[in-house]
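The next block holds one structure in the form of structure tokens; read it before the comments.
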Amino acid sequence: MSPAPSQQLHVLGVLTISLCFCGVLSDNADCNGRGTRVAAAEVCSCENDTPTLGQLGYTGANCDIPVFGADANGEDFTQGCKQEHQCDKLKPDEWFCFLVNQSSTDWNHLTVQLARTSEDEDGDPDLYGLFTGGVSRKDKRPANTTYGYDFRETSAASHDTVVRKVSKPDFGKDMDATGAYLCVKGYGRTAFTYSLRAVYSQCPSDFTHGGKQMMCSSVVDAPESEKRYTGCSADGVCECKAPYQKPLPEVYDGLGFAECTARVVSIADDELTVDRAYLKEHEQVQTQGWAYYAFNVTHEDYQVVVNVAEEEDSQCNKDYGSFRLFAKQGQPPGWHYNQYDFRPAYQYYQTADDEQDQEIKFDVESAGFQTGTWYAGVEGSEHSDCTYTVTINKFDCPMNCSSRGTCMHMTNGSRSCDCDQGFFGRECENEARALEYNKPVARQETFFEYDYYSLPQVADSELTVEVKVQASFNSSIPSYWTSRPELLLLKGDKTIEPTTANYTFKHILEVQNSVYEIDLCPSQLKGGLWRVAIYNPMRMYQVGYNLTALKIAHCLNECSGHGQCDHTGTCHCDPNWAGGDCSVNKDGDCQALWHETAQYSCLQECVCPSGGGPCTPSTHGSTTSFACKHGYKRFSDNSARCYPVGCQEGALQDSQQHVSNGRAYAVCSCDGSESETSNKCGFSTEDVTKMAVACDEGYAVKGARKVGSTTVGGTCVRGAGGTSGLGVFIWILCSVLFALAIAGALLWLQQAGYLTWEYIRNKFLRKSSALDEGLYHELSMDTGF
């Protein structure tokens with residue numbers, strides 16, 4: 001039975017009223033009962049999202065983020081709400097905001113300090129700031145996402161206390177905000193507690209680690225004598241006291257002179273001379289600050305050396321921080337590449353002591369050298385203050401010849417070092433350690449580029465000896481490295497140093513723990529000084545090696561079995577035996593005698609006198625018994641003459657031929673065809689496939705083959721089976737650029753509303769390590785994610 005029409009109307013009315021009522025409830029439910037939903041904007045209009053001082057309200061897209069009215073007086077905001085609202089505690093993904101109003105727009109800086117007060121580092125508070133109020137920002141409200149804010153600080157995972165400084169001029173002339181929402185969001189794995197404080201100021205402000213308010217790098221309530229400034233100008237510039245004043249009207253931005261953090265120490269002319277070094281211990285540069293040292297350089301000065309060494313008790317060292325050193329003529333340097341003239345030379349390897357030392361050297365021969373006022377600048381660590389000792393020297397010669405030589409003043413005005421015996425190099429910085437024959441040298445794996453040694457001299461009477469220089473290496477280098485250490489020999493005087501560009505003989509140590517050798521015959525040992533070098537092209541990796549100089553004596557006919565051969569190649573005959581090879585029996589009848597020179601030996605007839613007595617060697621030797629000594633070869637006409645052999649199997653010689661992305665070296669081949677007019681190595685300089693190929697930085701040999709102990713042929717291909725130091729750098733640079741491109745694309749998706757970083761962090765980073773989270777935070781600070 002159907003209801004009456006009047007009943008149907010009644011039911012319809014009830015349903016309509018119910019639906020309307022439910023719609024209202026639904027709107028209120030969406031906004032958590034704290035506002036109404038604005039359909040056009042798809043967000044809630046919250047009832048109290050701008051609470052007054054000491055009051056609690058709510059903001060956010062669904063009115064679900066609590067916001068507390070606080071006073072930016074430098075005190076901890078949470079003190080006013082943690083009893084009633086537990087505002088100092090947050091769980092992961094929870095938000096809490098503070099609204100800090102400013103009665104006027106007459107401010108230049110807002111400084112905020114966020115401190116994690118709980119000990120568990122897995123709890124990670126993030127700071128997000130949004131300016132509000134005024135004409136341009138009256139409708140600005142926090143969102144439930146991490147984008148859309150004016151500033152942020154998300155590195156609290158790696159620092160328990162962080163400070164975010166905001167300058168109003170950075171937001172343009174129309175910036176008229178009268179307040180700011182300072183929101184803290186929980187990130188990490190666990191809940192945490194925190195404190196938050198802020199202050200508006202006319203001049204740059206800051207907080208100490210303990211939360212004390214600072215102005216112009218001075219504690220606000222400090223005695224006047226301890227303050228670094230005398231006042232604050234109307235345009236918000238600190239009026240700094242010496243030595244924190246700007247040394248010039250115009251300096252680079254960001255050096256700290258605007259905040260009185262940078263200081264300049266002026267060094268008097270009589271405090272720094274050739275005879276007197278400037279040395280100052282227990283110097284300190286504050287976190288991310290600068291310390292400068294100004295000194296004069298005149299036309300009489302040849303070289304200036306600035307050294308900064310971190311002291312053992314430095315907090316910077318304990319926090320694994322570091323400082324940097326720069327120098328510039330005419331004004332204080334900055335760290336940007338065009339803001340300094342000199343910085344320390346890059347070190348491929350460093351010892352534990354080197355890591356805490358920085359040194360700059362420049363002289364009249366350096367590009368960029370000028371007379372006038374110079375500034376050496378020490379930039380502080382990002383984490384903590386650094387304590388160090390600074391030393392500045394002026395030298396007449398390069399590094400004062402390292403106190404190992406005499407400074408020579410040339411007629412053209414240049415200077416050079418006459419190094420003491422055993423030392424060489426521009427600064428006499430290299431030492432050639434003396435090798436002892438037949439005594440191995442073993443060096444454990446360590447960082448180095450060149451190690452130098454000197455071969456002992458060989459006396460003229462030892463021209464029947466042979467020298468073999470043997471070397472092998474060991475290292476934990478990665479498999480993709482194709483570069484290998486090299487054994488280098490160079491003949492010259494005491495000033496020489498073997499290098500990859502200057503050598504007499506060279507052998508590449510291709511296989512670990514395999515022995516490679518270079519032979520030196522008697523004729524090559526005669527006259528001159530031989531130096532040996534072990535070159536490590538992989539100086540970012542530690543290399544160990546074994547090096548031995550063998551001296552092998554060769555006696556004539558092995559002393560005929562009637563004597564002993566000593567280390568000089570001389571026979572010491574048994575009793576009643578004589579001659580160069582101990583073949584003459586002094587008790588026997590007149591017989592043939594051996595005749596020998598430095599180059600050969602031969603059998604001579606002994607002519608016995610008719611009246612008796614000892615025999616006399618004839619003037620003509622037996623050519624059939626003629627023999628050249630070791631290291632010499634007989635002339636091709638079979639005459640009784642010898643010439644020194646110069647061929648060294650496997651030696652390399654620059655062929656002057658360039659292959660694509662590299663250079664080819666001819667390999668010595670001793671085929672027995674050498675003669676008195678051509679007694680050197682047979683080098684093939686035409687066929688590149690028979691040469692040893694050395695590739696440029698960033699390229700590796702591909703397609704080479706083994707011939708004897710030498711690898712020959714091949715082409716140089718980028719990244720083929722290995723890479724150089726430059727190749728590694730380029731690979732890392734490309735990886736970073738690729739990562740930034742991906743990050744840019746993700747940022748576009750985020751801003752377009754297709755993707756949120758909250759989703760990424762929750763989806764992919766929740767299971768990551770604390771290190772990954774720290775990296776995420778640092779990346780977000782640099783890119784604004």
Side-chain angles (χ1 to χ4, degrees), residues 165 167 169-170 204 237-238 240 243-267 285-299 301 303-308 321-348 350 357-382 386 388 390 392 697-698 725-726 728-741 743-744 778-779 781-784:
K165 302 176 182 179
S167 177
D170 292 340
V237 176
C238 295
C240 304
Y244 303 99
Q245 293 174 329
K246 289 192 299 184
L248 301 168
E250 298 294 332
V251 296
Y252 295 123
D253 293 334
L255 301 183
F257 289 107
E259 302 89 4
C260 305
T261 59
R263 62 185 176 90
V264 179
V265 177
S266 296
I267 302 174
V285 58
Q286 66 187 73
T287 306
Q288 297 181 328
W290 283 88
Y292 292 102
Y293 300 86
F295 55 91
N296 288 322
V297 174
T298 70
H299 292 286
D301 297 322
Q303 185 184 53
V304 176
V305 179
V306 182
N307 180 277
V308 176
S322 61
F323 52 83
R324 296 190 291 179
L325 178 64
F326 303 89
K328 187 171 180 62
Q329 194 272 346
Q331 63 176 313
W335 63 269
H336 294 284
Y337 89 97
N338 61 341
Q339 295 181 345
Y340 58 86
D341 293 327
F342 296 102
R343 66 176 301 174
Y346 177 74
Q347 297 291 331
Y348 286 95
Q350 292 179 322
D357 286 8
Q358 300 279 317
E359 186 172 80
I360 289 175
K361 296 185 289 187
F362 59 93
D363 55 46
V364 294
E365 300 178 30
S366 304
F369 180 89
Q370 301 178 65
T371 59
T373 301
W374 279 80
Y375 292 85
V378 181
E379 182 191 23
S381 165
E382 294 184 357
C386 294
Y388 58 90
V390 59
I392 305 177
E697 291 286 342
L726 178 60
V728 172
F729 172 77
I730 293 176
W731 181 86
I732 294 174
L733 179 61
C734 291
S735 300
V736 171
L737 293 176
F738 177 75
L740 290 176
E778 300 297 341
L779 181 62
M781 281 301 299
D782 292 336
T783 61

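Computation of the quantities below employed the complete heavy-atom set of this structure, encompassing side-chain atoms and omitting hydrogens, waters and symmetry-equivalent molecules.
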**Qualifying salt bridge (charged side-chain N to carboxylate O under 4.0 Å, His left out) pairs, either residue in residues 322-336, two or more places apart** = Arg324-Glu379, Lys328-Asp341
**Request:** Could you name each residue pair satisfying salt bridge (charged side-chain N to carboxylate O under 4.0 Å, His left out) that touches residues 360-371, not counting sequence neighbours?
**Result:** Lys361-Glu427, Asp363-Arg426, Glu365-Arg426
**Nearest atoms (heavy-atom pairs only) where Glu359 meets Asn307** = OE2-ND2, 3.3 Å
**Item:** Contact list for residues 257-267, test side chain to side chain donor-acceptor pair (under 3.5 Å), sequence neighbours left out
**Value:** Arg263-Glu283
**Asked** Does the pair Cys260/Cys240 show an SG-SG distance of less than 2.5 angstrom?
**Response** yes
**Complete:** In short, Leu325 meets Val308 closest at the heavy-atom pair CD1-CG2, 3.9 Å
**Prompt:** Do other residues, nucleotides or ligands put more than 12 heavy atoms under 6.0 Å from Asp253 CG?
**Reply:** no
**Fill in**
Contacts of Thr373 meeting side-chain contact (heavy atoms from CB on, under 4.5 Å) (sequence neighbours excluded), chain-then-number -> Ala294, Asn296, Tyr375
**Message:** On a heavy-atom basis, which atom in Phe342 and which in Ala367 lie closest, and how many Å separate them?
**Reply:** CZ-O, 3.4 Å
**Message:** One pair to check against side-chain contact (heavy atoms from CB on, under 4.5 Å): Tyr293 and Val390. What are the steps and the verdict?
**Reply:** CA-CA 9 Å; Tyr293 300 86; Val390 59; 3.9 Å; yes
**Request:** Mind listing the closest non-hydrogen atom pair of Pro204 and Cys238 along with its distance?
**Result:** CD-SG, 3.6 Å
**Request:** Check the pair Ile392, Ile267 against side-chain contact (heavy atoms from CB on, under 4.5 Å), reporting the backbone distance first and the verdict last.
**Result:** CA-CA 10 Å; Ile392 305 177; Ile267 302 174; 3.7 Å; yes
**Asked** What is the minimum heavy-atom distance between Ala376 and Val306, and which atoms define it?
**Response** CB-CG1, 4.0 Å
**Prompt:** Out of Phe326, Tyr292, Phe362, which residue meets the ring pair (Phe, Tyr, Trp, His ring centres under 6.0 Å) rule with Trp374?
**Reply:** Phe362
**Message:** Go through it in stages, so that I can follow the logic: the residues are Phe323 and Ser381, the test is side-chain contact (heavy atoms from CB on, under 4.5 Å), and I'd like the CA-CA distance, side-chain angles, deciding distance and then a yes or no.
**Reply:** CA-CA 5 Å; Phe323 52 83; Ser381 165; 5.7 Å; no
**Heavy-atom closest pair, residues Pro332 and Leu248** = CD-CD1, 4.3 Å
**Asked** Residues two or more places apart in sequence or in another chain: which of them pass side-chain contact (heavy atoms from CB on, under 4.5 Å) with Gln288?
**Response** Glu382
**Prompt:** Looking at residues at least two apart in the chain, or sitting in another chain, which of them share a salt bridge (Lys or Arg N to Asp or Glu O under 4.0 Å) with Lys165?
**Reply:** Asp206
**Prompt:** Where do Gln245 and Phe257 land on the side-chain contact (heavy atoms from CB on, under 4.5 Å) test, with the steps shown first?
**Reply:** CA-CA 7 Å; Gln245 293 174 329; Phe257 289 107; over 6 Å; no
